[in-house]
J.: 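Quick one: structure below, then a few questions.
One is the number of the first residue; the rest follow in order along the sequence. Predicted, not measured: the structure shown is a model, and the values here were computed from it.
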Amino acid sequence: MRENEPVTSATRQPETPAADIPPRLIATDLDGTLLRDDKSVSPRTVAALAAAEKAGIEVFFVTGRPARWMDVVSDHVHGHGLAICGNGAAVVDLHGGPGAHRFVKVRELARENALDAVRLLREAAPGTVYAVEQTYGFYQEPDYPKLHMEIPDNLAPAEELLAEDGPGAAEPVLKILAYHPSIDPDAFLTLSRLAIGDRANVTRSSPSALLEISGPGVSKASTLALCCAERGISHEEVVAFGDMPNDVEMLTWAGQSYAMGNAHPDVIAAASGRTVANNDDGVAVVIERMLERR
């Protein structure tokens with residue numbers, strides 16, 4: 001299923017004090033949030049997630065990662081087993097395990113919009129190089145650095161990769177990645193948002209100058225809002241965790257939200273609360289306290 005409709009409610013601030021409303025869903029980022037720096041999930045965090053599910057609270061992994069990188073949490077899937085991947089570009093059923101994930105919802109980046117974004121950012125930031133993330137394929141320009149420790153399916157200029165008859169033309173584009181070797185990461189994000197405008201949604205989750213460009217209105221927040229609406233869950237009943245700019249909209253939308261101790265300043269400003277760092281099991285700390293109050 002492909003879904004591109006905007007969800008305007010995904011940007012609103014909670015109106016009711018979150019502490020007065022029992023949570024029904026936990027939405028957590030992975031890298032820098034749920035995962036420790038070595039990409040492991042601590043035993044304490046595993047136990048906290050299981051306890052939340054046992055208490056009737058759904059757990060959604062909400063990440064910028066593609067579906068093929070979800071093996072880090074495949075052993076910790078409970079209940080529905082759904083994850084939001086690609087910064088909201090896909091909802092994935094993880095029950096099949098690594099390599100057998102099923103796409104439940106796809107919110108693609110139209111190739112026309114992707115080509116516009118590439119053109120505009122090339123003009124605004126010369127030296128930018130690109131990769132293309134699709135549902136199953138990964139393609140990149142020859143000069144795009146080896147940031148992802150994987151072999152691309154094809155090497156070609158972005159304009160060829162995104163052509164209607166280009167490689168992977170039968171698959172929807174989930175996002176494009178834009179890397180610049182020398183611009184400050186936050187400055188690159190600001191510059192790109194001004195250059196691209198409403199043709200796409202631009203964010204970042206890497207400490208380097210690496211941007212993630214999705215379809216207009218596609219974000220962790222808007223896709224989470226869709227999933228919650230399908231379950232009759234209001235934003236006031238959601239507790240969210242994150243650490244980087246691609247989490248800001250989600251943290252703003254959720255009734256309760258926590259910036260990790262290692263979070264970017266924009267994330268700290270957006271969240272309603274703060275917890276300790278990912279390496280200190282910050283997500284588990286909040287879940288344990290939350291369950292004690294139930």
Side-chain angles (χ1 to χ4, degrees), residues 1-4 30-31 39 61 63-74 83-122 125 127-181 188 192 196 199-206 208-216 218 220 223 246:
M1 176 182 177
R2 298 186 185 182
E3 182 66 68
N4 282 299
L30 295 182
D31 296 280
K39 306 307 178 186
F61 301 126
T63 178
R65 286 180 172 237
R68 65 182 180 278
W69 288 9
M70 295 300 289
D71 57 301
V72 291
V73 291
S74 291
I84 295 173
C85 297
N87 290 327
V91 180
V92 182
D93 185 343
L94 301 180
H95 279 126
H101 303 136
R102 181 175 65 88
F103 285 87
V104 176
K105 187 189 301 290
V106 172
R107 307 182 69 199
E108 69 185 286
L109 170 61
R111 289 172 185 266
E112 179 181 1
N113 291 60
L115 286 166
D116 281 346
V118 167
R119 173 179 57 82
L120 292 166
L121 198 48
R122 282 203 199 281
T128 302
V129 289
Y130 299 90
V132 179
E133 186 75 64
Q134 298 185 231
T135 44
Y136 295 100
F138 178 78
Y139 309 86
Q140 69 179 56
E141 294 189 321
D143 291 336
Y144 187 85
K146 294 181 179 179
L147 299 173
H148 310 291
M149 303 302 290
E150 59 184 323
I151 300 174
D153 297 300
N154 197 290
L155 293 172
E159 291 80 359
E160 292 181 19
L161 297 174
L162 293 166
E164 293 295 340
D165 59 351
E171 290 182 46
V173 175
L174 298 185
K175 64 180 179 180
I176 54 176
L177 302 166
Y179 175 80
H180 199 282
F188 192 31
S192 69
I196 293 171
R199 292 170 177 83
N201 187 58
V202 187
T203 190
R204 76 177 188 89
S205 60
S206 170
S208 64
L210 176 66
L211 305 180
E212 301 163 67
I213 303 172
S214 306
V218 175
K220 289 184 175 185
T223 301
N246 63 331

J.: Given side chains that start at C-beta, do those of Leu162 and Glu112 come closer than 4.5 Å, heavy atoms only?
T.: no
J.: Locate the shortest heavy-atom distance separating Ala158 from Leu115; write the atom from each residue and the value.
T.: O-CD2, 4.4 Å
J.: Write down the atom of Pro157, the atom of Pro142, and the distance for their closest heavy-atom approach.
T.: N-CD, 4.4 Å
J.: side-chain contact (heavy atoms from CB on, under 4.5 Å) between Phe61 and Leu94: does it pass, once the steps are laid out?
T.: CA-CA 10 Å; Phe61 301 126; Leu94 301 180; 4.2 Å; yes
J.: Sequence neighbours excluded and cut-off under 3.5 Å, please list the side-chain donor-acceptor pairs for residues 128-138, or say none.
T.:
| from | atom 1 | to | atom 2 | distance (Å) |
| --- | --- | --- | --- | --- |
| Thr128 | OG1 | Ala125 | O | 2.7 |
| Tyr130 | OH | Val118 | O | 3.2 |
| Glu133 | OE1 | Arg68 | NH2 | 3.4 |
| Glu133 | OE2 | Arg68 | NH1 | 2.5 |
| Glu133 | OE2 | Arg68 | NH2 | 3.0 |
| Gln134 | NE2 | Gly168 | O | 2.7 |
| Gln134 | NE2 | Glu171 | O | 3.0 |
| Thr135 | OG1 | Glu171 | OE1 | 3.0 |

J.: So which atom in Leu109 and which in Leu174 form the shortest heavy-atom distance, rounded to 0.1 Å?
T.: CB-O, 4.1 Å
J.: Between Gly88 and Thr223, which heavy-atom pair has the shortest distance, and what is it?
T.: O-OG1, 2.6 Å
J.: Measuring from Asn154:CG to Glu141:CD, what's the distance to the nearest 0.5 Å?
T.: 11.5 Å
J.: Which heavy atom of Ala200 sits nearest a heavy atom of Ser214, and at what distance?
T.: CB-O, 3.1 Å
J.: Would a 4.5 Å heavy-atom cut-off, applied to side chains only, mark Lys175 and Ile213 as touching?
T.: no
J.: Taking all atoms of both residues into account, what is the closest heavy-atom pair of Ile176 and Ala114, and its distance?
T.: CD1-O, 3.9 Å
J.: Nearest 0.5 angstrom please: Asp116 CG to Arg111 CZ, how far?
T.: 14.0 Å
J.: Val202 versus Phe188: any side-chain heavy-atom pair under 4.5 Å?
T.: no
J.: Does a side-chain heavy-atom distance below 4.5 Å link Arg204 with Asn246?
T.: no
J.: I need the Asp31 CG to Arg65 CZ distance, nearest 0.5 Å.
T.: 4.0 Å
J.: To the closest 0.5 Å, what do you measure between CZ (Arg122) and CD (Glu159)?
T.: 4.5 Å
J.: Say you draw a straight line from CG of Leu121 to CG of Leu211; how long is it, rounded to the nearest 0.5 Å?
T.: 6.5 Å
J.: Do Asp153 and Pro167 have side chains that get closer than 4.5 Å, going by heavy atoms?
T.: no
J.: Say you draw a straight line from CG of Asn87 to CD of Glu212; how long is it, rounded to the nearest 0.5 Å?
T.: 4.5 Å
J.: Is the shortest side-chain heavy-atom distance between Thr63 and Met70 below 4.5 Å?
T.: yes
